[in-house]
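The analysis underlying the following values was restricted to heavy atoms, covering all of them including side chains, and did not include hydrogens, waters or symmetry mates. Below, read A as the first sequence line, B as the second, and so on, with proteins coming before strands; counting in each chain starts at 1. Treat the numbers as computed from the prediction; the structure is a model and nothing was measured.
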Number of protein chains: 2
Amino acid sequence: MKPDPTQIMTQTLRDTGVRVTRQREALLRVLTEAQDHPDAAELHRRARVIDDSLSLATVYRTLSVLEREGVVLRLALENGGARYEVADAPHHDHIVDLDTGRITEFRSEKIEQLQREIAAEMGYEIVHHRLELYCRKKR
Amino acid sequence: MKPDPTQIMTQTLRDTGVRVTRQREALLRVLTEAQDHPDAAELHRRARVIDDSLSLATVYRTLSVLEREGVVLRLALENGGARYEVADAPHHDHIVDLDTGRITEFRSEKIEQLQREIAAEMGYEIVHHRLELYCRKKR
DNA sequence: CTCAGTGCAAAGAGTTTGCATAAAC
DNA sequence: GTTTATGCAAACTCTTTGCACTGAG
């Protein structure tokens with residue numbers, strides 16, 4: 001039986017002096033179980049099933065805490081609001097299917113390397129980056 | 001004496017049956033003269049100098065027409081609102097200086113190629129993409 | 001017990017829209 | 001003359017915030 005990722009996260013939070021409330025536990029559970037990339041409203045909807053007192057304001061506040069603590073990542077895709085994912089997998093970029101909205105993850109070490117070279121040439125160090133491919137199924 | 005890019009654009013618009021108004025001419029002029037990547041409010045401020053009746057609503061409406069016509073590109077960077085640039089240069093990506101906010105453009109044919117390969121492997125065709133490097137000056 | 005976290009409602013920022021008027025073609 | 005574009009103000013979406021109260025440590 002493998003360790004519950006939510007357990008690990010709550011411990012991480014407690015270690016930094018961040019309080020773990022009912023609401024935060026509910027959100028963490030929903031986030032770790034999400035196979036997609038939900039926005040704040042959707043996370044609110046899902047977490048309400050676990051804790052029906054949870055407010056949207058708290059969802060936003062908690063998400064920004066979790067982002068600061070490095071537990072979640074905020075995606076800012078082209079249209080609409082921010083979407084979130086747990087930061088448990090190694091870094092990856094995203095392919096957005098323009099027809100279905102489905103998001104696929106990918107990772108290219110070669111591209112990462114090229115990016116670093118380009119930045120270095122201009123005297124820069126990359127702090128973070130975003131690469132999104134907006135695609136349509138080939139036919 | 002080289003042709004005024006604004007002239008070319010207005011012709012492009014007229015050809016598609018889009019009316020070229022005082023307001024749109026003012027905006028096009030401001031856009032072509034901009035060396036940076038202004039947001040809607042900034043474009044409004046600058047274009048007002050040429051045509052002081054121009055409203056912010058018209059700026060937004062015009063920008064979306066220009067985007068649809070392929071005359072401008074909308075950048076959706078991480079923080080804040082959309083920023084715009086004229087679509088006269090070949091495609092390029094952006095480096096954002098986290099300390100100064102300055103945006104530098106770059107282009108890597110190798111990265112473009114790798115992106116296409118990755119998308120193709122998953123049965124996708126890239127419609128468009130975004131690559132942004134958020135950087136700090138090395139020291 | 002204390003202070004960080006919460007719900008609520010109100011406020012902000014950025015953007016869009018309905019409607020009567022203006023002006024491009 | 002038609003029909004599209006404009007200005008204004010109001011509406012809308014997403015997100016943040018002030019405040020009194022609650023609950024985690």
[N], OP1 or OP2 - any side-chain N/O from [X] closer than 4.0 Å?
| X | N | value |
| --- | --- | --- |
| A:R24 | C:dT6 | yes |
| B:Q23 | D:dG7 | yes |
| B:Y60 | C:dT16 | no |
| A:S64 | D:dT16 | no |
| B:R14 | C:dA24 | no |
| B:T58 | D:dA5 | no |
| A:T21 | C:dA4 | no |

Inset, instruction - Verify the neighbour count for atom NZ of B:K137: are there more than 12 heavy atoms of other residues, nucleotides or ligands below 6.0 Å? - result: yes
Do the side-chain N and O atoms of [X] and [Y] include a donor-acceptor pair separated by under 3.5 angstrom?
| X | Y | answer |
| --- | --- | --- |
| B:E109 | B:Q113 | no |
| B:Y124 | A:D97 | yes |
| B:H37 | B:E42 | no |

Inset, instruction - Give the nucleotide from the list C:dA4, D:dT3, D:dT17 with an atom nearest to the side chain of A:R61. - result: D:dT17
Inset, instruction - With the side chain of B:V20 defined as its heavy atoms from C-beta on, choose the nearest nucleotide among D:dT15, C:dC25, C:dG5. - result: C:dC25
Inset, instruction - Using five base pairs at each end, measure the axis-to-axis angle across the helix from C:dC1-D:dG25 to C:dC25-D:dG1 and round it to 10 degrees. - result: 40°
Legend entry - Chi angles and distances behind the side chain to side chain contact (heavy atoms under 4.5 Å, CB included) call for B:L66, B:L13: CA-CA 8 Å; B:L66 296 181; B:L13 294 179; 3.9 Å; yes
Inset, instruction - Starting at CD1 of B:I111, measure out to CZ of B:R116 and round the result to the nearest 0.5 Å. - result: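 Between atom CD1 of B:I111 and atom CZ of B:R116 there are 12.0 Å.
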Legend entry - Output field: ring centroids A:H94/B:H129 closer than 6.0 Å: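 Centroid distance A:H94-B:H129: not below 6.0 Å, so no.
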Legend entry - Nearest-Å distance for atom pair CZ/P, residues B:R19 and C:dA24: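 Answer to the nearest Å: 9 Å.
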Inset, instruction - Remember a base hit wins even if backbone is also touched, and classify B:A41 as base, sugar-phosphate or nothing at under 4.0 Å, heavy atoms. - result: nothing
